[in-house]
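Structure, as structure tokens:
Computed from a predicted structure; not experimentally measured. Count residues from 1 along the sequence. Every number for a ligand or one of its atoms is a count from 1 in the order of the listing.
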Amino acid sequence: MDTPKKKSGWSDQELEASVEAYLRMLGLEQSGQTFKKAEENRLLREGPLNKRSASSVEYRMQNISAVMEQMDLPRIVGYVSAKNIGTKMGGRIREILIDRNAETFRRGTKQSSPAAIFRPVELKSSKLNDAPEGILNPSRTSSASTKLARTLRIKNWVLEQSRGVCEGCDQAAPFLRPDGLPYLEVHHVKHLANHGSDEASNAVALCPNCHRRCHHSSDRADFTDSLYTKVKRLKPE
Ligand SMILES: [Zn+2]
Ligand SMILES: [Zn+2]
């Protein structure tokens, strides 16, 4: 099981909870629903962020806004970007955002829009040899945008392989995305935050339930082991 590493004081669990709350609020905002920042902040401090003050939670949300902007993604209007964020913290937040499919919030019709990245492709059987080149050590190579583009290529390829069926529970994706493709999430089996590689041999397409199970369930270690057994292209790292 993953143990939280002390990096910049914030554990992986704390950052993951922050990013998840952020994306949940962003989803509400973008669908025109209301939420109270102060209330969300309080709920986080009653749960996973119980060691943090209201202002440090607020500041972390502003850091996430800064990383969202770096990734050319929309941010929550109420959380102005706090840009003086360390490279390490920025990288950790970006990896969690990628794992939680933050790029599905990308809007507009620029070349980098989801429609372009996830263009419906002819589903053909392909072998691991056809997998796009990934990144063995994502945190040490190239610029943030190059890394992101490569990550998205891997994600796209893994989604194609799944043919719309969750690789965890073998059920069809629960619903379709706005572009008509099946909604599944790509999870890095050894988490990027724990220096897992950004390779097809470390990535699975999961339904939201199975993805949550990997991160939050009591049997997450066993469930992860079952993925290695079940999905042949995966290689334990
Ligand atoms: Zn599933
Ligand atoms: Zn994940």
Side-chain angles (χ1 to χ4, degrees), residues 1-5 7 10-24 26-27 48 64 67-68 71 73 91-105 114 117-118 131 134-135 137-139 147-148 150-177 181-237:
M1 192 171 298
D2 308 322
T3 43
K5 289 189 200 105
K7 293 174 255 176
W10 280 59
S11 69
D12 290 335
Q13 281 81 351
E14 286 178 311
L15 283 185
E16 286 170 7
S18 306
V19 166
E20 285 172 9
Y22 187 98
L23 293 176
R24 196 174 58 245
L26 182 61
I64 298 172
V67 178
M68 290 293 279
M71 292 168 73
L73 294 170
R92 291 174 69 199
I93 291 174
R94 189 178 61 244
E95 284 165 1
I96 300 168
L97 283 168
I98 289 171
D99 181 75
R100 302 304 197 272
N101 277 14
E103 78 275 1
T104 55
F105 284 101
I117 292 165
F118 298 115
I135 302 168
N137 195 332
S139 55
K147 264 197 287 191
L148 185 60
R150 297 174 83 180
T151 296
L152 293 177
R153 277 206 300 278
I154 298 281
K155 282 190 140 186
N156 196 14
W157 187 86
V158 169
L159 288 171
E160 284 171 31
Q161 296 304 297
S162 74
R163 297 159 182 267
V165 174
C166 171
E167 294 180 301
C169 65
D170 298 320
Q171 302 293 305
F175 47 83
L176 299 179
R177 309 188 312 198
L181 293 179
Y183 182 92
L184 290 173
E185 300 174 349
V186 174
H187 168 69
H188 289 84
V189 185
K190 180 170 182 191
H191 301 181
L192 292 177
N194 292 333
H195 309 292
S197 73
D198 192 8
E199 297 281 351
S201 58
N202 187 40
V204 277
L206 297 175
C207 71
N209 277 349
C210 286
H211 193 186
R212 291 296 153 125
R213 190 171 173 185
C214 286
H215 286 277
H216 300 298
S217 75
S218 59
D219 73 344
R220 60 189 184 214
D222 289 342
F223 187 59
T224 296
D225 284 344
S226 76
L227 291 175
Y228 282 126
T229 312
K230 195 162 168 295
V231 185
K232 297 301 173 210
R233 72 167 181 280
L234 294 179
K235 295 195 196 98
E237 295 182 0

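In terms of modelled atom types and a separation under 3.5 Å, the side chain of Arg100 and the main chain of Glu20 share no donor-acceptor contact. Between the side chain of Arg150 and the backbone N or O of Asp198 there is no donor-acceptor pair closer than 3.5 Å.
For the Zn ion (ligand 2), protein N/O/S neighbours under 2.8 Å (waters excluded) are Asp99 OD1, Asp99 OD2, His187 ND1, His211 NE2, His215 NE2.
Ion pair Glu103/Lys155 flagged as a salt bridge, since at least one NZ, NE, NH1 or NH2 atom sits closer than 4.0 Å to an Asp/Glu carboxylate oxygen.
Using cut-offs of 30° and 60° for the angle between ring planes, the His191 and His215 rings count as tilted.
At the Zn ion (ligand 1), the angle from SG in Cys166 to SG in Cys210 is 110° when rounded to 10°.
Looking at Glu167 and His187, their side chains never come closer than 4.5 Å, going by heavy atoms from C-beta outward.
Side-chain contact of His211 with Asp99: a donor-acceptor pair under 3.5 Å is present, judged by distance alone.
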